[in-house]
Amino acid sequence: MKKIITLVIVSALGGIFTLGAYKLMFEEEKPIIASSPETQATFLPTRNVGNLMYSNEAPDFTAAAENTVNAVVHVKNVTMSSGETSFQDFFYGRRSPHPQVGTGSGVIINADGYIITNNHVIKNAQELSVTLNNNKTYNAELIGADAKTDIALLKIEADTELPFVTFSDSDNAKIGEWVLAVGNPFNLTSTVTAGIISAKSRDLSGASTQSFIQTDAAVNPGNSGGALVNTNGELVGINTAISSQTGSYIGYSFAVPSNIAKKVIEDIMEYGNVQNGILGIQGGDLNSDLAEQLEIDETEGVYVGSVVEGSGADKAGLQKGDIIKEIDNKEVSKFSDLTGHLNAKRPNDIVRLKLSRDGELKTVSVTLAKNDTYVMPLVGRVKNTSQADLKKFKAKNGVKITQLNDEYAGYWEKNGVVKGCIITAINDEPVYSIDDVKNLIKNRSSYDALRIELINIDGEIERYNFR
């Protein structure tokens, strides 16, 4: 009996091992899936679209490239540099200045030879030359430049009419729109790259004074001053900067919008300098943190922190606490949206603002004023003084303090200097306007003393000396 039981057990074990070997060798391993009978798959609608590059809707850049490449030029800037003092200079004498060459790009904007480029491309130039796409080279004249917007205007005298690029309205450019960057990166002339507009109203300074178009079209050193055009070959912007830790393109590039660039060069041609239209407010971007501090529900727009006395905003009735939501029917979600629009305006232009005040919307028209204020080091913002104020303080000349420097406000207030005081002289030179203040500050070395004479609100003359 024991032998029979043993035989049965051995036979059963043999069958098990045989079945296991069969499954291992001949059956495919299946994953174990844990699921709940109550769980239902989510339906996600999907549109099956063929590859864009094989469809009739594929973007065609050939016409835009052909219209642009002959109007984009190579700019060469020659400066004289002595370089840093070397060990050999102490033994053999200081070396004589030697030429240093910088290069960039430019865009011909009319048949007469006017060329727009970046201010940093032509900065400190002793000689400027321009080479066209047909390899003809011309000496270039600097007509004017604006460091704030990084735009400059050149002129060449050609013997024939030149190909040029027409301006588009950059306000109408859309995020996601195809664009081409045309320039001369690394001295590789007539280079065309494609991308899309990634964002608008980008401020790289953090001071809410800039409003760039951001694109992912490849831009490298040498592209500065070149053209950013739409698929019609119309100028959307002037390529200006890249975001990079290596100095080469890593996916982000920035262009001055064509509306701002056009306005700057028109001002240079007509007035010799840039005419800025001033709204007359001080404020900043709204966000969740600021909204919580102010105990308001708004998180987008420009919060008006203060209104400059006598400005267009003041005359139009803007108040502290207003939130600017639109300008000329264009949405304002951050300060650079507002700055970008105003940078294309001039004094006496009228803009329409949509405001949120105490939860209610209202629309006002503001006449932009000429910039008659200046931020003076150590002191703060000053403006031209009215005849009424001069008479009130019994002063013959001076500029009025409208806002104290935040860092030194405590010092000034401790000494009885507040908003409304009149500065009558700087470094013993009388000042009659903010232009006088600008020139005196500009021509002063950072090592020089700064002497300020002012009349306080009690009509007393005070003098301060800073080193």
Side-chain angles (χ1 to χ4, degrees), residues 68 72 104-107 109 116-123 145-153 165 167-183 185 193-230 234-267 274 276-277 284-285 300 302 327-328 330-345:
T68 308
V72 173
S105 304
V107 185
I109 54 173
I116 188 171
T117 186
N118 285 143
N119 176 68
H120 75 262
V121 170
I122 54 84
K123 188 177 181 180
D146 179 52
K148 179 183 176 184
T149 55
D150 201 11
I151 291 296
L153 182 65
V165 177
F167 285 87
S168 73
D169 184 347
S170 54
D171 284 347
N172 293 332
K174 304 296 184 183
I175 295 174
E177 177 181 342
W178 283 103
V179 286
L180 297 180
V182 186
T193 55
I196 61 168
I197 294 177
S198 307
K200 296 176 66 176
S201 302
R202 282 292 194 223
D203 175 27
L204 305 182
S205 68
S208 299
T209 58
Q210 300 173 331
S211 185
F212 289 114
I213 293 174
Q214 180 182 327
T215 173
D216 65 354
V219 169
N220 278 293
N223 270 111
S224 291
L228 187 72
V229 299
N230 57 25
E234 300 165 332
L235 193 66
V236 175
I238 298 297
N239 296 317
T240 298
I242 59 176
S243 178
S244 173
Q245 295 179 341
T246 64
S248 297
Y249 174 77
I250 59 170
Y252 305 98
S253 58
F254 303 90
V256 177
S258 59
N259 285 4
I260 295 176
K262 181 181 179 184
K263 184 260 181 183
V264 168
I265 62 173
E266 286 176 347
D267 283 355
V274 179
N276 293 312
D285 299 348
E300 284 190 314
V302 171
I327 181 167
D328 291 336
K330 294 178 176 63
E331 183 180 358
V332 173
S333 60
K334 53 188 180 297
F335 207 94
S336 55
D337 292 329
L338 187 66
T339 303
H341 192 79
L342 292 174
N343 281 345
K345 299 294 182 181

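This is a predicted model, so every value here is computed, not measured.
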With Asp328, which residues qualify under side chain to side chain contact (heavy atoms under 4.5 Å, CB included), at least two apart?
-> His341, Lys345, Val351, Arg352
To the nearest 0.5 angstrom, please state how far the CG atom of Leu235 sits from the CG atom of Leu228.
-> 7.5 Å
Closest non-hydrogen atoms of Ser170 and Lys200, given as atom of the first, atom of the second and distance, are O-NZ, 3.3 Å
Okay, side chain of Ser336, backbone of Ser201: is any donor-acceptor separation there less than 3.5 Å?
-> yes
Hey, what do you get for CD1 (Ile213) to CD1 (Ile175), rounding to the nearest 0.5 Å?
-> 10.0 Å
Closest heavy-atom pair and its distance - Asn223, Gly183 = ND2-CA, 3.5 Å
Close side-chain approach of Asp203 to Phe335, heavy-atom, < 4.5 Å | no
Roughly how far, to the nearest 0.5 Å, is CD1 of Ile260 from CD1 of Ile265?
-> 13.0 Å
Could you walk me through whether Lys148 and Val264 pass the side-chain contact (heavy atoms from CB on, under 4.5 Å) check?
-> CA-CA 10 Å; Lys148 179 183 176 184; Val264 168; over 6 Å; no
Donor-acceptor contact below 3.5 Å, side chain Ser253 vs main chain Thr215 | yes
For Ile196, does its backbone N or O pair with a side-chain atom of Asp216 as donor and acceptor, under 3.5 Å?
-> yes
Between Gly104 and Val121, what is the shortest heavy-atom contact and its length?
-> CA-CG1, 4.0 Å
side-chain contact (heavy atoms from CB on, under 4.5 Å) evaluation trace for Val182 with Val107 = CA-CA 9 Å; Val182 186; Val107 185; over 6 Å; no
Give a yes or no on whether Tyr252 atom OH has more than 12 heavy-atom contacts from other residues, nucleotides or ligands under 6.0 Å away.
-> no
Rounded to the nearest 0.5 Å, what's the gap from OG1 on Thr117 to CG on Asn239? Could you check?
-> 10.5 Å
Of all heavy-atom pairs between Lys330 and Asp171, which one has the smallest distance, and what is that distance?
-> CE-OD2, 3.3 Å
Closest contact, heavy atoms only, Ser105 versus Val72 | CB-CG1, 4.5 Å
Inter-residue atom distance Ile116.CD1 - Ser258.OG, 0.5 Å rounding = 9.0 Å
Evaluate the side-chain proximity of Phe254 to Ile242: yes if any heavy-atom separation is below 4.5 Å, no if none is.
-> no
Within 6.0 Å of NZ in Lys123, more than 12 heavy atoms from elsewhere | no
How many angstroms lie between atom CD1 of Ile238 and atom OG of Ser224, to the nearest 0.5 angstrom?
-> 11.0 Å
Which pairs pass salt bridge (Lys or Arg N to Asp or Glu O under 4.0 Å) with one or both residues in residues 254-265, sequence neighbours excluded?
-> Lys263-Asp267
Closest approach of Asn220 to Pro185 (non-hydrogen atoms, all atoms of both residues) = CB-CB, 3.9 Å
Is a side-chain N or O of Asp337 found less than 3.5 angstrom from the main chain of Lys334, in a donor-acceptor match?
-> yes
Could I get the full list of side chain to side chain contact (heavy atoms under 4.5 Å, CB included) partners for Ala147, not counting sequence neighbours?
-> Asn119
